[in-house]
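Everything on this sheet refers to the single structure shown next.
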Amino acid sequence: MVKQMRTIKGTHDILPENSRNWQNLEKIIHASASLSGYSEIRTPIIEEAGLFNRGIGENTDIVSKEMYSWTDRDNKTIALRPEMTASVVRSYIQHNLHNKSVLQRLYYIGPSFRRERPQKGRQRQFHQFGVEAIGSANPEQDAEVIALGWEILKKAGINNLELKLSSIGSKECRNKYKNALINFLKPHVSKLSETSKRRLGNNPLRILDTKNKNEIQIIKSAPKIEDYYTKEDQDHFDQVKIFLKSMNIPFTVDPLLVRGLDYYTQTTFEIISNDLGAQDALLGGGRYDGLIKSLGGKDTPAIGFAAGMERILMALDDTAINKKTTPTIYIVCVDKEALGSLQKLSTNLRKIGYKVLFETLRRSMRAQMRDANKYNADFAIIVGQQELVNKTIQLKNLSVGNQETIELKNVFNYFKSLTF
Ligand code: AMP
């Protein structure tokens, strides 16, 4: 027997019964991003691994443990993108996008790859959408980006949302704070987990993110980042909060919010859903003023976020997004002489916005009617021998249940006059 092939661990097919939810979410993303002046950017899924080593940071889990990378035939190290910000920034620099406009408002949708331990809400191939606003250092830009993320999640139909906001200050503040944190944690090192011991050396801020109870206890008396803010850091953060309040976007300040990536400065944020389990982060982002320069571009401020689409769809109750909007007609044809004229009618009805399902299996009338119900059609147009002779159709309104005879030549105008 031939071995059946299956998807590899941590990857999933999106089957026809679910793809409509994906399309609806994508529609919301395209529409909302575009209303705020953001344009879509599509970058390759594979890049030189060095882009992520430099862009995300070699010591992050994403790069050091989870990135899919390999040496290609020409000895270049290639990686599947583990996120998209570094690719967008590479593209921004490569194509001199700053020459086209001093402020680039960009968004993206697509798959990312991380070799994580698969669990609910965590795959090895997952889909992200995100926005990047490159060129403005001002707090109103932070508020605009956060508001856009919030609005998309709301429009998608998620209600139980919480926006967590923090600032990790400028590079100067962050470095001072890092040292203070290391000095504070050193005497506790024997009580730290292996992971945290490792992080103490290469990424100490991540320890603040711990889920370990003993460590949470220790961290309660750790130095606080806000004590290390410069005046500019504090002013920037205060302004962001004021702008969010003026847009009626509720938030909680969470000083322990540490994002996993190295490149953040100033504002960081996360939107979580209280309806999800352990993997409750739907969207995360922040300001990354140093990234463009570190990837070879001009020193340019920027802010963005990335959101996990699988998690968003998981957080939605099915009815919220799976709303049927297009009126549907099922054409039930039991006389093959009528196929030609009915196929033409289908094309014309599609042109005026109807979804039309046309029978191509030449099944019995009963089987076709069963199919019409399965597809939740609003109408069935039924043509048998009798109708063919009389040049009529039977029109069955499947929502109400009544049936009437209409002349074939009037069917198009009949549907054209209906309003939905
Ligand atoms: P990050 O790039 O780590 O800031 O992630 C941004 C968002 O992507 C998270 O808030 C999640 O919603 C989503 N995400 C990250 N990693 C995964 C994964 N392995 N599986 C599913 N979603 C993920």
Side-chain angles (χ1 to χ4, degrees), residues 14-35 38-40 42 107 109-110 129 152 155-157 309 313 316 318-420:
I14 298 167
L15 295 175
E17 70 231 41
N18 292 322
S19 57
R20 205 169 52 182
N21 289 348
W22 282 82
Q23 289 171 355
N24 284 337
L25 178 57
E26 285 159 12
K27 255 188 231 157
I28 292 169
I29 296 163
H30 289 300
S32 302
S34 155
L35 285 178
Y38 287 71
S39 307
E40 191 184 9
R42 301 185 189 193
Y107 76 99
I109 305 182
F129 78 87
I152 291 174
K155 267 198 198 152
M309 294 172 72
L313 292 170
L316 281 177
D318 240 14
T319 50
I321 198 159
N322 198 7
K323 269 188 262 162
K324 189 171 132 198
T325 46
T326 317
T328 303
I329 304 168
Y330 196 103
I331 300 208
V332 177
C333 178
V334 279
D335 194 313
K336 64 177 191 290
E337 296 300 313
L339 286 171
S341 56
L342 290 178
Q343 203 157 33
K344 182 172 159 206
L345 177 65
S346 310
T347 314
N348 288 336
L349 289 171
R350 287 182 192 121
K351 280 187 194 146
I352 54 168
Y354 286 90
K355 173 172 169 179
V356 184
L357 297 164
F358 181 74
E359 171 74 9
T360 58
L361 290 172
R362 301 192 183 180
R363 286 172 295 184
S364 71
M365 162 114 157
R366 256 182 74 186
Q368 293 187 47
M369 285 305 290
R370 225 181 293 128
D371 224 25
N373 284 322
K374 190 171 111 192
Y375 283 104
N376 228 351
D378 303 287
F379 302 96
I381 290 178
I382 305 164
V383 177
Q385 231 166 23
Q386 192 66 46
E387 286 78 24
L388 188 68
V389 172
N390 297 340
K391 293 194 168 48
T392 57
I393 62 127
Q394 293 294 322
L395 177 66
K396 185 158 188 171
N397 184 328
L398 295 168
S399 337
V400 187
N402 59 9
Q403 187 162 323
E404 56 185 313
T405 306
I406 301 186
E407 282 188 58
L408 182 60
K409 65 177 190 327
N410 294 334
V411 176
F412 179 78
N413 282 337
Y414 175 90
F415 278 105
K416 205 170 166 192
S417 68
L418 293 184
T419 48
F420 285 92

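You'll find the side chain of Leu339 reaches within 4.5 Å of the side chain of Phe358, heavy atoms only. A heavy-atom distance below 4.5 Å is found between the side chains of Arg362 and Lys336. Tyr107 has its side chain within reach of His30: a pair of non-hydrogen atoms, C-beta onward, lies under 4.5 Å apart.
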Q) Could you go step by step and tell me if Ile381 and Leu349 meet the side chain to side chain contact (heavy atoms under 4.5 Å, CB included) rule? A) CA-CA 12 Å; Ile381 290 178; Leu349 289 171; 4.1 Å; yes
(Q) Pair Val383, Gln394 - check side chain to side chain contact (heavy atoms under 4.5 Å, CB included), show working. (A) CA-CA 7 Å; Val383 177; Gln394 293 294 322; over 6 Å; no
Q) Could you walk me through whether Leu357 and Thr328 pass the side chain to side chain contact (heavy atoms under 4.5 Å, CB included) check? A) CA-CA 8 Å; Leu357 297 164; Thr328 303; 4.1 Å; yes
Q. Does the side chain to side chain contact (heavy atoms under 4.5 Å, CB included) test come out yes or no for Met309 and Ile29, once each step is laid out?
A. CA-CA 11 Å; Met309 294 172 72; Ile29 296 163; 4.0 Å; yes
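Separating the CG atom in Leu408 from the CG atom in Leu345 is a distance of 6.5 Å, to the nearest 0.5 Å. Atom CD1 of Ile329 is separated from atom OH of Tyr354 by 6.0 Å, given to the nearest 0.5 angstrom. In this structure, the separation between CG on Leu395 and OH on Tyr414 is 5.0 Å, given to the nearest 0.5 Å. The distance from atom OG of Ser346 to atom CD of Glu359, rounded to the nearest 0.5 Å, is 11.5 Å. Rounding to the nearest 0.5 angstrom, the gap separating the CG atom in Asn18 from the CD atom in Gln23 is 11.5 Å. The distance from the CG atom of Leu388 to the CD1 atom of Ile393 is 13.0 Å, given to the nearest 0.5 Å.
When every heavy atom of Ala372 is checked against every heavy atom of Leu398, the shortest pair comes out as CB-CD1, 4.1 Å. Contact between Lys155 and Ser32 at its shortest, heavy atoms only, is NZ-OG, 3.2 Å. Annotation for Val334 and Arg363: closest pair CG1-O, 4.2 Å, computed over non-hydrogen atoms. Closest non-hydrogen pair, Val332 versus Gln368, comes out as CA-OE1, 3.0 Å. Residues Ser19 and Ile14 come closest through the heavy atom pair CA-CG2, 4.0 Å. When all heavy atoms of Ala377 and Tyr330 are compared, the closest pair comes out as CB-CB, 4.0 Å.
Other residues, nucleotides and ligands place more than 12 heavy atoms under 6.0 Å from the CD atom of Glu40. With a 6.0 Å radius and a threshold of 12 heavy atoms from other residues, nucleotides or ligands, Met369 has its CE atom above the threshold. More than 12 heavy atoms of other residues, nucleotides or ligands sit less than 6.0 Å from atom CZ of Arg350. Applying the 6.0 Å contact sphere to CD of Gln385 captures no more than 12 heavy atoms from other residues, nucleotides or ligands.
Looking only at distances, no side-chain donor or acceptor of Asp335 sits under 3.5 Å from a matching main-chain atom of Gly384. The closest donor-acceptor contact from the side chain of Ser399 to the backbone of Asn397 lies at 3.5 Å or more, if one exists at all.
Less than 6.0 angstrom separates the ring centroid of Phe379 from the ring centroid of Phe415.
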